[in-house]
Amino acid sequence: MNPENARMPKELIRENVQPIKTTMKMKNVIITSFILALVLSSCADKNQGPAAPPPPVLPVLAITSANTTTDAEYPASIQGTVDVEIRPQVSGNLDRIFVDEGAYVNKGQTLFKINERPFREQLNNALASLHAAEAALINANLEVDKLTPLVQNKVVSDYQLKTAKATQKIAAANIEQAKAMVGSAKINLGYTNVTAPVSGYIGRLPKKQGSLVSSSDVEALTTLSDVHEVFAYFSLSETDFINFKSKYAGNSLGDKIKKLPPVNLILADNTDYPKTGKIDMVDGQFDKTTGAITLRATFPNTNGTLRSGNTGRIRLGLNHDDAILVPQSATVEMQDKVFVFTVGKDNKVTKMPITVVGKSGTNYLIKDGVKTGDQIVLSGIDKLQDGQAIQPEKSTKVAEVTNKK
């Protein structure tokens, strides 16, 4: 220690130490206050929690009305313009079969040959009877020629001439009867040669060569289908038929049919038949059992793609004026109901049920639930909640995509 400090009075030392202690206390207070402020700030942040996320940005579509066409599909059964059973007209053994199953045949082509010998003998017998009747007529004519002058000269009585003339008429009638028997025998003989009544495709051949066939057989020899055109039969319910008639102009049902647009045929593998058809017949009455009415559409079938017995679906288009359309991608289905999310003035969404009455491409045709001018969320609706706020996105890209649909 410095000797000079040792000699310093105690009072002076007290005066120098006191300010130093005061300064230290002030520093401790400041540090404590700062730490307390940090602790309080941390606690305040924990009480407030994380900041709320911003509302999602979603594309919004303004609903408009337009003229459109909706497609409805109905199960259809296909038949050829002529579907005929080939049956024997006479009884006999099946001598020959000239066609195979599935073959195409022309009208008049021979299909089957039945043993003709019994029928040829019947024809010969009928011809013999005809010749005998002709000879009897000749003999009766000679008798009349002989008695006529004798009666005129009063050599014989008039009674004999009248009897001869009656015999002459009987002989003439016998000739007509014999000719009819000949004609019938020729017809039966012709029936032994079974020909195709129309051009078309042969069906199954249940009878084989040598089988005994008869006109009373339950099973036909085969079936023949003319399918250069085919008929597609489908049915409409009473409600659908009323709507169907109301969509097309015309005073009568025949006038409406003439103005119907072409219809499409969907095949069993869900592909479109390449040619369109025309509805040309509506049944005269509803089926009492099903409550439906049958319609017929005719399709060309020059390539033979379709056969009798095919099935498919008729796609029928119905015109709608000023229809409200909503993209299917903007809807959600829950418990057999369809909903959209409408956007209010405060950008909050409302889950709104809609009534769908048909489809047009990828759009739903709406009857109730929304109207022209309403705003709906176009996409991203899977996680939306009723009453949730969004940030609408109105871009030209959304409008372009909607117009393409």
Side-chain angles (χ1 to χ4, degrees), residues 33-73 239-240 243 247 264 266 270 272 315-405:
S33 300
F34 179 72
I35 293 174
L36 182 60
L38 290 176
V39 173
L40 292 175
S41 175
S42 176
C43 293
D45 291 340
K46 290 182 178 179
N47 292 333
Q48 290 178 359
V57 179
L58 296 176
V60 172
L61 172 69
I63 295 178
T64 59
S65 61
N67 296 335
T68 187
T69 301
T70 58
D71 294 330
E73 294 183 358
T239 301
D240 288 344
N243 293 333
K247 294 298 181 182
N264 295 314
I266 312 301
N270 292 324
D272 289 349
R315 181 182 293 155
L316 184 63
L318 296 177
N319 297 324
H320 301 271
D321 298 330
D322 297 328
I324 296 176
L325 299 177
V326 169
Q328 296 182 36
S329 59
T331 64
V332 59
E333 295 187 17
M334 293 181 62
Q335 297 179 350
D336 297 332
K337 292 185 180 180
V338 182
F339 297 87
V340 295
F341 284 92
T342 59
V343 183
K345 295 181 180 179
D346 54 358
N347 291 337
K348 290 185 177 181
V349 298
T350 302
K351 193 175 183 180
M352 183 68 64
I354 57 176
T355 302
V356 178
V357 294
K359 293 182 181 180
S360 179
T362 58
N363 297 323
Y364 281 137
L365 181 67
I366 307 303
K367 180 180 180 181
D368 296 313
V370 290
K371 61 183 183 299
T372 303
D374 287 349
Q375 302 278 340
I376 64 170
V377 181
L378 186 61
S379 63
I381 61 177
D382 295 339
K383 297 182 180 180
L384 276 182
Q385 300 294 329
D386 195 10
Q388 181 179 347
I390 67 167
Q391 183 178 345
E393 178 189 35
K394 298 180 180 179
S395 63
T396 56
K397 291 183 179 180
V398 173
E400 290 175 359
V401 172
T402 304
N403 289 334
K404 288 180 181 179
K405 292 181 180 181

**Message:** What verdict does the side-chain contact (heavy atoms from CB on, under 4.5 Å) test give for Ile381 and Val349, after you've listed the backbone C-alpha separation in whole Å, the side-chain angles of each residue and the deciding distance to 0.1 Å?
**Reply:** CA-CA 10 Å; Ile381 61 177; Val349 298; over 6 Å; no
To the nearest 0.5 Å, atom OG1 of Thr342 lies from atom CG of Asp386 at 8.5 Å
I'd like to check Pro55 versus Asn347 (side-chain heavy atoms, cut-off strictly below 4.5 Å). Are they in contact? no
Residue pairs meeting side chain to side chain donor-acceptor pair (under 3.5 Å), one or both in residues 58-67, sequence neighbours left out, come to none
Exercise. Kindly indicate, with the supporting measurements, whether the criterion side-chain contact (heavy atoms from CB on, under 4.5 Å) is fulfilled by Val338 and Val326.
Key: CA-CA 11 Å; Val338 182; Val326 169; over 6 Å; no
Residues at least two apart in sequence or cross-chain that pass side chain to side chain donor-acceptor pair (under 3.5 Å) with Glu333, listed by chain then number, are Tyr364
Quick note, salt bridge (Lys or Arg N to Asp or Glu O under 4.0 Å) partners involving residues 334-354, not counting sequence neighbours, are none
What one should report as the nearest heavy-atom pair of Gly369 and Met352 is O-CG, 3.3 Å
On a heavy-atom basis, the closest approach of Asn363 and Pro327 is OD1-CA, 3.3 Å
Rounding to 0.5 Å, atoms CD1 (Ile324) and CG (Leu365) come to a distance of 8.5 Å
Original post:
Given side chains that start at C-beta, do those of Val340 and Ile366 come closer than 4.5 Å, heavy atoms only?
Top reply: no
Residue pairs meeting salt bridge (Lys or Arg N to Asp or Glu O under 4.0 Å), one or both in residues 367-376, sequence neighbours left out, come to Lys371-Asp374
Checklist line | Flag side-chain contact, heavy atom, 4.5 Å: Val57 against Ile390 | finding: no
Contacts of Asn270 meeting side chain to side chain donor-acceptor pair (under 3.5 Å) (sequence neighbours excluded), chain-then-number -> Arg313
Note: Ala389 and Pro56 closest approach over all heavy atoms is O-CD, 3.6 Å
Applying side-chain contact (heavy atoms from CB on, under 4.5 Å) to Pro353 and not counting sequence neighbours gives Phe339
Here the pair of heavy atoms bringing Pro392 nearest to Val60 is CB-CG2, 3.6 Å
CD1 of Ile376 to CD1 of Ile63, rounded to nearest 0.5 Å, is 4.5 Å
- Query: Tell me, do Ile354 and Val370 make a side-chain contact under 4.5 Å, heavy atoms counted?
  - Reply: yes
Rounded to the nearest 0.5 Å, the CG atom of Leu316 sits from the CD atom of Glu73 at a distance of 10.5 Å
